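Input: one structure, supplied below.
Just so it is clear: chains get the letters A, B, ... in the order the sequence lines come, proteins before strands, and each one is counted from 1. Small disclaimer: the values here were computed from a predicted structure and weren't measured.
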Amino acid sequence: MAIQKPSIPKGTRDFSPQEVVKRNFIFDTIKAVFRKYGYQEIQTPTMENLDTLTGKYGEEGDQLIFKILNSGDYLSKLNLDQLQTTTSKTLTPRISEKALRYDLTVPFARFVVMHQNEINLPFKRFQIQPVWRADRPQKGRYREFYQCDADVVGSESLLNEAEFVLIYQEALSNLGLKDFTIKINNRKILSGIAEIIGKPELIVDMTVAIDKLEKIGLDGVVKELLEKGFRESDIEKLKPIIELSGSNEAKIQSLKSVLSSSTTGLKGIEEIEKIFNYTEQLQIEDSKLKTLQLELDITLARGLNYYTGAIFEVKSNEVAMGSIGGGGRYDDLTGMFGLKDLTGVGISFGADRIYDVMEELQLFPDNAGESTRVLISNFDETAETYALPLLSALRRNGVAAELYPTAAKLKKQLSYADAKKISYVILIGSEEMESGLLSLKNMQSGEQQKLDIAAIIQLLNS
RNA sequence: GUGGUUGUAGCUCAGUUGGUUAGAGCACUAGAUUGUGGUUCUAGGGGUCGUGGGUUCGAGCCCCAUCAUCCACCCCA
């Protein structure tokens, strides 16, 4: 076989030991906050049945799902004569029954429906697992990435929404992020706006267009709205709404008058107000937490079409990066799996983007790299034999220890310890074996002292 | 799906209007130092210049194609 240069698929990454330490720091921090708010962890399979996933993310989303080819001769059951008239859309379900999960929310909905008799409502779960999207990779965008989701189903209370705001604030603060904005909106407000304009059927096009306000400016949004079938007069009505500015309170007041004739719109505003209220009352004085930056942003839309109430998005203000988190309320996610009238709300942290932000801001604690605490040198066979019981004694007492596996040059062994950031090295030669006092070298200071094994264990455990 | 960027050592990159044997730093190996790492000094290994074709006496450099890459758009975490 010809030698091939190894590579990994586009948009995927290897993680070195140092990177895994940092990534675990992120996961552990987020998990701790989730647990503190009463969420329990679940896991679901890497692959789902294809029909579980299709149709949940819109047409574009469906194209980004990684499909898994059926096992065996996947063409054998096909009538090949039909291939001429077959499109990839109709062919796909016949040669692929499984797909890699695209997010954690839909698998969760599936989980809830399948286990509805075992779980008790309201069910609060969190889940940290990789997801896959057949997207084109670019900055902050990968084909395999981790999502950290928390969702609650079976509770209409807006207390859940408010708590998610606090979870974002607490988790991101604990990670060391200093300046980030939690944006909130409500799908009902967007529906109300579309209603007022008299174009309720164009709500999706409308939200997609105004979502881009920050990026392409008002002129760009107007241009896109015209292309989508809005008239000048519609846009005149829309302009004052999307240009809304000022405090959250001011925005709410103007929206109330603009949307006064839309019951849906008013309901959305009421929900937002209630969430603000809850967060104010739940805010605890904690000097470690950054000031809550919660902003009502009615241009916030988010593509996923299953949201029906609150919508969240979190952005770092320190680094140019897409959103590092998002979520919202969905009233009927389990409906498509046959379980009606179950409402849910959830959020997601983009761990990989948070990693990139933290790396750029150098927020990782630098002591995170230590693995082995002590290395025992290996001079020769006699010393090795002498060292073996010491090695297991160290480990028995909870000290991460290793014995250099060959009698290499000491220089090489110390270099190994240095490269692996091992704090201590025990040197065992003929003199040490005779006296029982081992030379313990501190790799940071370079100092050496002679101690017996009990004293060493005590020192390393302190 | 659309537009652009960049492909030279393990990594980051130089490489003159096209001209002999393609370089540097870092990393690696060895020695200076037979039981002492990080600093220093010395030496060494490592390249089909992304791939294929073309122009030319001659191509890392020019032209075409192709693949990969990164960035932006779309969309999204």
Report task. For Leu226(A), check side chain to side chain contact (heavy atoms under 4.5 Å, CB included) against everything at least two apart and list the hits. Result ->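 Residues passing side chain to side chain contact (heavy atoms under 4.5 Å, CB included) with Leu226(A): Val222(A), Glu232(A), Ile235(A).
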Report task. Rounded to whole angstrom, note down the P distance from C49(B) over to G7(B). Result ->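 Between the two P atoms, the distance is 15 Å.
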**Report entry** For atom CZ of Arg13(A) and atom C1' of C70(B), their distance in whole Å
**Finding:**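 It works out to 15 Å between those atoms.
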Query raised in the report: Is the Lys NZ or Arg CZ of Arg23(A) less than 6.0 Å from the centre of Tyr146(A)'s six-membered ring, within 45° of the axis?
Result: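 Judged by the rule, Arg23(A) and Tyr146(A) form a cation-pi pair.
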Query raised in the report: Between U6(B) and G10(B), how far is it from one P atom to the other, in whole Å?
Result: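 These two P atoms come out 23 Å apart once rounded.
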**Report entry** Row check, Phe111(A) ring normal vs Arg125(A) NZ/CZ: under 6.0 Å, within 45°
**Finding:**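 Relative to the ring axis of Phe111(A), which defines the angle, Arg125(A) lies outside at least one limit.
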Query raised in the report: Does the ring center of Tyr355(A) lie less than 6.0 Å from the ring center of Phe364(A)?
Result: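 Between Phe364(A) and Tyr355(A), which both carry aromatic rings, the centre distance is below 6.0 Å.
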Query raised in the report: When rounded to the nearest Å, what value does the distance between P atoms of A27(B) and U42(B) take?
Result: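 These two P atoms come out 15 Å apart once rounded.
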Query - Presence of donor-acceptor pair under 3.5 Å, side chain of Asp418(A) and base of G37(B) - result: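 Counting by modelled atom types and ignoring angles, a donor-acceptor contact under 3.5 Å is found here.
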Show the distances under 3.5 angstrom between N or O atoms of the protein and N or O atoms of nucleotides 1-5 of chain B.
residue : atom : partner   : partner atom : Å
U2(B)   : O4   : Arg136(A) : NH1          : 2.6

Side-chain donor/acceptor pairs under 3.5 Å, residues 400-410 of chain A, sequence neighbours excluded:
residue   : atom : partner   : partner atom : Å
Glu402(A) : OE1  : Tyr416(A) : OH           : 3.0
Glu402(A) : OE2  : Thr372(A) : OG1          : 2.7
Glu402(A) : OE2  : Lys420(A) : NZ           : 2.9

Query raised in the report: For RNA chain B, what residues of residues 430-443 of chain A have any heavy atom nearer than 4.0 Å?
Result: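 Hits under 4.0 Å, by residue number: Ser430(A), Glu432(A), Lys441(A), Met443(A).
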Query raised in the report: With no hydrogens and no angle check, is any side-chain donor or acceptor of Asp62(A) less than 3.5 Å from a backbone partner on Glu59(A)?
Result: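 Side chain of Asp62(A) to backbone of Glu59(A), a donor-acceptor pair under 3.5 Å: no, none is there.
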Requested in this report: Can you figure out which of C76(B), C75(B), A72(B) approaches the side chain of Glu60(A) most closely?
Outcome: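 Output: C75(B).
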Query - Euclidean distance for C1', G60(B) against U51(B) (whole angstrom) - result: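 The same atom, C1', in both gives a distance of 14 Å.
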Query raised in the report: Reckon Phe349(A) touches a base, only the sugar-phosphate, or nothing at all at heavy-atom distances under 4.0 Å?
Result: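 The residue Phe349(A) makes no contact with any strand.
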Query raised in the report: Which whole number of Å gives the distance between the P atom of G47(B) and that of C63(B)?
Result: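 Taking atom P in both G47(B) and C63(B), they lie 29 Å apart.
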Query raised in the report: Is the ring centre of Phe379(A) under 5.5 Å from the base ring centre of G35(B), and are the two planes under 30° apart, so that they stack?
Result: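 Phe379(A) vs G35(B): stacking no.
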Report task. Can you run through RNA chain B from 5' to 3' and write each base as (, ), [, ], | or . depending on how it pairs? Watson-Crick or G-U wobble, both distances under 3.5 Å. Result -> ((((.((..((((.....[...)))).(((((.......))))).....(((((..]....))))))).))))....
**Report entry** Pairing residues for Thr105(A) by the side chain to side chain contact (heavy atoms under 4.5 Å, CB included) criterion, not counting sequence neighbours
**Finding:**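 With sequence neighbours excluded, Thr105(A) shows a side chain to side chain contact (heavy atoms under 4.5 Å, CB included) to Asp103(A), Asp149(A), Asp151(A), Tyr306(A), Tyr330(A), Leu333(A), given in chain and number order.
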Query raised in the report: Using a cut-off of 4.0 Å on non-hydrogen atoms, how would the nucleic acid contact of Glu313(A) be classed: base, sugar-phosphate, or nothing?
Result: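 Answer is nothing: Glu313(A) stays at 4.0 Å or more from every strand.
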**Report entry** Euclidean distance for C1', A22(B) against A14(B) (whole angstrom)
**Finding:**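 Their C1' atoms lie roughly 11 Å apart.
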Query - side chain to side chain contact (heavy atoms under 4.5 Å, CB included) against Leu437(A), all qualifying residues, sequence neighbours excluded - result: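 Per chain and number, Leu437(A) pairs via side chain to side chain contact (heavy atoms under 4.5 Å, CB included) with Ser435(A), Lys450(A), Asp452(A).
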Could you list the donor-acceptor pairs under 3.5 angstrom formed between side-chain atoms of residues 27-43 of chain A and any protein atom two or more places apart in sequence or on another chain?
residue  : atom : partner   : partner atom : Å
Thr29(A) : OG1  : Phe25(A)  : O            : 2.6
Lys36(A) : NZ   : Glu170(A) : OE2          : 2.3
Tyr37(A) : OH   : Glu170(A) : OE1          : 3.1

Report task. Taking atom types as modelled, find out whether Asp331(A) and Thr343(A) have a side-chain donor-acceptor pair closer than 3.5 angstrom. Result ->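 A donor-acceptor contact under 3.5 Å links the two side chains.
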Report task. Take the protein atom CD1 of Ile311(A) and the nucleotide atom C1' of A77(B), then report the distance between them rounded to whole Å. Result ->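 Atom CD1 in Ile311(A) sits about 16 Å away from atom C1' in A77(B).
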Query raised in the report: C70(B) C1' sits how many Å from Tyr142(A) OH, rounded?
Result: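 Nearest whole value for this atom pair: 12 Å.
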Requested in this report: State whether the side chain of Ser415(A) and the backbone N or O of Lys411(A) hold a donor-acceptor pair below 3.5 Å, judged by distance alone.
Outcome: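 Here the side-chain-to-backbone pair exists.
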Query raised in the report: Base, sugar-phosphate, or nothing for Lys315(A), non-hydrogen atoms under 4.0 angstrom?
Result: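 Lys315(A): no heavy atom of the nucleic acid under 4.0 Å.
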Report task. Assign Gly429(A) to base, sugar-phosphate, or nothing according to its heavy-atom contacts below 4.0 angstrom with the strands shown. Result ->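 If one applies the 4.0 Å heavy-atom cut-off, Gly429(A) turns out to touch a base.
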Query raised in the report: If you measure from the C1' atom in C11(B) to the same atom in C67(B), how many Å do you get, rounded?
Result: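 It comes out at 22 Å once rounded to the nearest Å.
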Query raised in the report: Rounded to whole angstrom units, what separation is found between the CD atom of Gln444(A) and the P atom of U36(B)?
Result: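 It is 21 Å, rounded to the nearest whole Å.
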Query raised in the report: Expressed as a whole number of Å, how far does the P atom of G35(B) sit from that of U12(B)?
Result: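 Those two atoms are separated by 39 Å.
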Query - Inter- and intrachain pairs under salt bridge (charged side-chain N to carboxylate O under 4.0 Å, His left out), touching residues 306-325 of chain A, at least two apart - result: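 Passing the test, one end in residues 306-325 of chain A: Arg302(A)-Glu313(A).
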Query raised in the report: Which residue lies toward the 5' end of RNA chain B, Ile8(A) or Lys212(A), if each is placed at its nearest nucleotide?
Result: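 Its nearest nucleotide lies further toward 5', so the answer is Ile8(A).
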Query raised in the report: How would you list, by chain and number, every residue that makes a salt bridge (charged side-chain N to carboxylate O under 4.0 Å, His left out) with Lys124(A), sequence neighbours excluded?
Result: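 Lys124(A) satisfies salt bridge (charged side-chain N to carboxylate O under 4.0 Å, His left out) with Glu163(A) only.
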Query raised in the report: Just checking Gly61(A): base, sugar-phosphate only, or nothing, at a heavy-atom cut-off of under 4.0 Å?
Result: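 Touches nothing.
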Query raised in the report: Near RNA chain B, under 4.0 Å by heavy atom, which residues of residues 405-417 of chain A?
Result: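 Heavy-atom contacts with RNA chain B come from Lys409(A), Leu410(A), Lys411(A), Leu414(A), Ser415(A).
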Query - Rounded distance (Å) that lies between atom P of C76(B) and atom OH of Tyr57(A) - result: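 So the two atoms are 13 Å apart, to the nearest Å.
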Query raised in the report: Taking atom types as modelled and ignoring hydrogens, do the side chains of Ser439(A) and Glu432(A) form a donor-acceptor contact shorter than 3.5 angstrom?
Result: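 On atom types as modelled, these side chains qualify, holding a pair under 3.5 Å.
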Query raised in the report: Taking only side-chain nitrogens and oxygens of Gln138(A), does any of them come within less than 4.0 Å of OP1 or OP2 of A72(B)?
Result: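 So the side chain of Gln138(A) is within the cut-off, an N or O lying under 4.0 Å from OP1 or OP2 of A72(B).
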Requested in this report: Name the nucleic acid region contacted by Gly446(A), choosing base, sugar-phosphate or nothing; use a 4.0 angstrom heavy-atom cut-off, strictly under.
Outcome: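 The answer is base, as Gly446(A) lies within the cut-off (heavy atoms under 4.0 Å) of a base atom.
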Query raised in the report: With nearest nucleotides of RNA chain B determined for Gly11(A) and Leu64(A) from heavy-atom distances, which residue corresponds to the more 5′ nucleotide?
Result: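 Its nearest nucleotide lies further toward 5', so the answer is Gly11(A).
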Report task. Figure out the CG/P separation between Asp14(A) and C11(B), and round it to whole Å. Result ->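 Those two atoms, CG and P, are 13 Å apart.
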Query raised in the report: Below 6.0 angstrom between ring centroids: does that apply to Phe66(A) and Tyr102(A)?
Result: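 Ring centroids of Phe66(A) and Tyr102(A) are no less than 6.0 Å from each other.
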Requested in this report: Rounded to the nearest angstrom, tell me the gap between atom CD1 in Ile354(A) and atom C1' in C76(B).
Outcome: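 Taking CD1 of Ile354(A) and C1' of C76(B), I get 15 Å after rounding.
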**Report entry** Length of the CZ-C1' vector between Phe145(A) and C76(B), whole Å
**Finding:**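 Distance, rounded to whole Å: 8 Å.
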Query - Qualifying residues under ring pair (Phe, Tyr, Trp, His ring centres under 6.0 Å), relative to Phe337(A), sequence neighbours excluded - result: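 Partners of Phe337(A) under the ring pair (Phe, Tyr, Trp, His ring centres under 6.0 Å) test: none.
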